[in-house]
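Below, chains carry the letters A, B, ... as their sequence lines are ordered, and counting in each starts from 1.
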Protein chains: 2
Amino acid sequence: MADERARESVSRKIEKKPLALHARIQRDVEDRIVSGEWPPGTRIPFEHELTAEYGCSRMTVNKALSELVKKGLIERRRKSGSYVRQPEVLSAVLEIHQLEREVRALGLAYAFRILQSCRRLASDEDRQRLRLDGPAHVRHVKTLHIAGSRPFCLEDRLINLEEVPQAETADFSDAPPGSWLLEQVPWSAAEHRINACAAARAEAELLDLKEGTPCLVIARRTWNAAGSVTHVTLTYPGDMHTLVAQFGPSARLS
Amino acid sequence: MADERARESVSRKIEKKPLALHARIQRDVEDRIVSGEWPPGTRIPFEHELTAEYGCSRMTVNKALSELVKKGLIERRRKSGSYVRQPEVLSAVLEIHQLEREVRALGLAYAFRILQSCRRLASDEDRQRLRLDGPAHVRHVKTLHIAGSRPFCLEDRLINLEEVPQAETADFSDAPPGSWLLEQVPWSAAEHRINACAAARAEAELLDLKEGTPCLVIARRTWNAAGSVTHVTLTYPGDMHTLVAQFGPSARLS
DNA sequence: CAGTGGTCTAGACCACCGC
DNA sequence: CGGTGGTCTAGACCACTGA
C-alpha cells in the first residue's frame, strides 16, 4: 500500500488534470502493455488484486479494465483472468497491411519475393522516414508481393535495428518482413500517409506496368513507447487495389 | 418467397443476447439520435429522468451515457444537461471532407465553383452509386474546389432527393454542397473507397493537369437510418493531397 | 445558490467455466 | 465446486456552472 496520489504531476503534459482514479488505473495498465512490460498473452492482475493495490472498490477497477477491453488491448475470461491481446496493427476502420490475407481474400494464390535486403547506417533519408534524430543502424528490405501470377504490391521497408535488433539476422524466407515484424513487436501505434503517384521506371518494371501508370502509395510509420520501429511504403497499381474505410455512430447498416 | 419466414429469422439478429440494461439504454438513446428523432442540439433526458424511466440506479444510466460521450454522439454539461452533438462526418482517424478547412489549413484562400447542377430520375449508374433498389430522384452537382489560384479538388456529388428533399431547390452559392449537407442531415454513417487513377481528359482540363496524371480518388457513400443520403467522388491531383490516418493504443506519441 | 454530471463505495447476485 | 468477471444498487461527496 505505498502512497499513490503523490507520484503524478512530473512527466506528463502541461495539462493539469488530477486524473480520475479509474483513468489512472487504466493508464498504468495501458502503459505496461504498450511498453512491452506485459507482452501479449500476459495475465494481468485480477480485479481484486488491483482493488487492493489501489485501495479502491471493485467497480473502479472494473471500469478501467472494461475500457481497455473496448480499446481492444485486453480480453477477459471468467474464472481465468484478464489477458493482454495480440495487437492487430490493422485497425478495423482501414483494412490494409495483411498482404497475404488481402490477396487470399481475392481468391488468388499468394507469394512474395525478396528483391533486395541490406543493413546499413541510416542515411539522411532513412532517418527522415523513421523520424530519427541520432545515428542508427537500419535494415532495408524490398519485397514484391504476388497475387496469382501477377505482381500485386511493391514493399519498401526500413526497420530500426536499435529497436528490433533481431531483425539484423532474420531471413525472410518463411514470412515476409511485415508478418515477421508483427510477431516481434509489442503494441505499437502507426500513422499512414496515402497518395497517388506515377510509377517510376524501376517500379513500373517490377510491377509489370507502363511507366507513369498511376499507383496508390501507402506509407506507414510504426512506433512504440521506445521509439520508431519501422517505415514501409506500399505501392499498388491503381487499378488493383481499393482502400476501404467505414465510419459511423454504429455498425448498424450495410 | 417460400422461405421468407426463414430468411427473416436469420437476417435479423442471429445472436439472442438479453442485452445488459446499460447497453439497452445506450442503444435506445443512440437510436433516437441516429434516426433524427433527436437532432443535434437536442437536450436528452437528465440522468434522474432516465433513472425513473428504466427503474434503475443512476450508475447504470451514467454508464450508458458515458459511453455515448466516448463515441462522440453526445456532450454533457454540468448543471445544464446532455446534448446531441453536431455530427462530424469526418472521423478523426481519417482527415478528409472538410475541403474548406483543409485548404485553409494549407494557408491558402479557399473558393469553389459549381460546374454543373441538375435534377433527374436516377439512372442505373446513379442507383448503383447510391445503392438504391427502386426508382428515386437525385440531384447531381459537380463542383470545383480551389486553393489559392489553383484547382484543388473535383467533386462529383449525387444527392438522394427521397431522403433530402430540400436539396431539390437548394442553391449552393453560399456553401458548397458538402458543407450544406452537413447541416441538413442527422447522424449518418459513411464508407470510403480510395484508389488511384489517371485523370481523364475532362478532369485533367478542369484540374489544370495533363491527361493521365495520377489522381487520388476518394469515393464516399453516406447513409443514415432511413437510407442512402449521398455519394460523392473527390478527385485530387496526386501531388496535392495526402490522406493521413493514425491508429494506436493511445495518442501517446508524436 | 441549487441542479447537474463525475466519481466512488461497499456491498450484492449471477453466469460462466476451469478445476 | 469455487473463483472470476458482468452487472447492478442505493447511497455519497464533490466540482462545476447556469440562473
Side-chain angles (χ1 to χ4, degrees), chain A residues 1 3-9 12 15-30 32-33 38 40-85, chain B residues 13 15-30 32-33 38 40-85:
Chain A
M1 312 270 179
D3 182 3
E4 290 89 9
R5 284 186 162 89
R7 70 153 138 130
E8 281 185 29
S9 71
R12 287 297 164 199
E15 300 281 345
K16 266 196 78 163
K17 276 195 197 145
L19 218 47
L21 183 50
H22 69 85
R24 199 157 69 77
I25 299 172
Q26 187 186 336
R27 195 207 51 190
D28 288 353
V29 173
E30 189 173 335
R32 289 197 175 93
I33 293 174
W38 288 345
T42 306
R43 186 184 62 68
I44 74 175
F46 297 124
E47 288 191 352
H48 68 79
E49 292 174 322
L50 291 171
T51 284
E53 181 180 341
Y54 287 91
C56 65
S57 81
R58 209 189 123 213
M59 275 253 33
T60 305
V61 168
N62 185 276
K63 180 166 187 174
L65 298 189
S66 296
E67 278 165 15
L68 289 180
V69 169
K70 280 204 292 280
K71 279 198 187 185
L73 280 170
I74 65 173
E75 61 184 347
R76 318 192 69 192
R77 291 195 286 271
R78 285 169 161 125
K79 160 71 186 175
S80 175
S82 305
Y83 298 82
V84 179
R85 294 217 321 178
Chain B
K13 304 235 169 173
E15 297 290 337
K16 275 203 75 163
K17 290 230 176 105
L19 218 46
L21 184 49
H22 70 86
R24 200 157 69 79
I25 299 173
Q26 187 186 335
R27 177 181 50 87
D28 288 352
V29 173
E30 189 173 335
R32 286 195 247 227
I33 293 175
W38 289 344
T42 306
R43 186 183 63 67
I44 74 175
F46 297 124
E47 288 191 352
H48 67 79
E49 292 174 320
L50 291 171
T51 284
E53 182 180 340
Y54 286 91
C56 66
S57 81
R58 208 188 122 214
M59 275 256 28
T60 305
V61 169
N62 185 279
K63 180 165 187 175
L65 297 189
S66 296
E67 277 166 15
L68 290 180
V69 169
K70 279 205 292 282
K71 279 199 187 185
L73 280 170
I74 65 173
E75 62 186 346
R76 319 191 69 189
R77 290 194 287 273
R78 282 168 163 131
K79 162 71 183 174
S80 177
S82 305
Y83 298 83
V84 179
R85 293 217 322 179

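- Comparing A/Gly81 and A/Asn62, the nucleotide of DNA chain D nearest to each residue sits closer to the 5' end for A/Gly81.
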Please list, pair by pair, any protein nitrogen or oxygen found under 3.5 Å from a nitrogen or oxygen in nucleotides 16-18 of chain C.
none

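- Residues forming a salt bridge (charged side-chain N to carboxylate O under 4.0 Å, His left out) with A/Glu49 (at least two apart in sequence, or on another chain): none.
- Taking 4.0 Å as the cut-off between side-chain N and carboxylate O, B/Glu75 and B/Arg77 count as a salt-bridged pair.
- Residues forming a side chain to side chain contact (heavy atoms under 4.5 Å, CB included) with B/Ser66 (at least two apart in sequence, or on another chain): B/Asn62, B/Arg76.
- Running 5' to 3' along DNA chain D, contacts with non-hydrogen atoms of chain B at under 4.0 Å begin and end at D/dT7 to D/dG18.
- In this structure the side chain of B/Lys71 reaches within 4.5 angstrom of the side chain of B/Gln26, judged on heavy atoms.
- Shown for residues 52-59 of chain B: residues whose heavy atoms fall under 4.0 angstrom of DNA chain D, namely B/Gly55, B/Cys56, B/Ser57, B/Arg58, B/Met59.
- Scored by the side-chain hydrogen bond (donor to acceptor under 3.5 Å, both in side chains) test, A/Arg58 finds A/Glu47 as partners (sequence neighbours excluded).
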Audit row: B/Ile25, B/Cys56, side-chain contact (heavy atoms from CB on, under 4.5 Å) steps and yes/no: CA-CA 10 Å; B/Ile25 299 173; B/Cys56 66; 4.1 Å; yes
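- The nearest pair of heavy atoms linking A/Leu65 to A/Ile74 is O-CD1, 3.7 Å.
- The two residues B/Arg43 and B/Gly81 make their nearest non-hydrogen contact at CD-CA, 4.4 Å.
- Between C/dT4 and B/His48, a contact under 4.0 Å exists linking OP1 or OP2 to a side-chain N or O.
- Shortest non-hydrogen contact noted between B/Trp38 and B/Pro45 is CH2-CD, 3.7 Å.
- At the heavy-atom level, A/Leu65 lies nowhere under 4.0 Å from the strands shown.
- Smallest separation of non-hydrogen atoms from A/Val29 and A/Leu68: CG1-CD1, 3.5 Å.
- B/Ser82 comes within contact range of the sugar-phosphate backbone alone, with a heavy-atom separation under 4.0 Å but no base atom that close.
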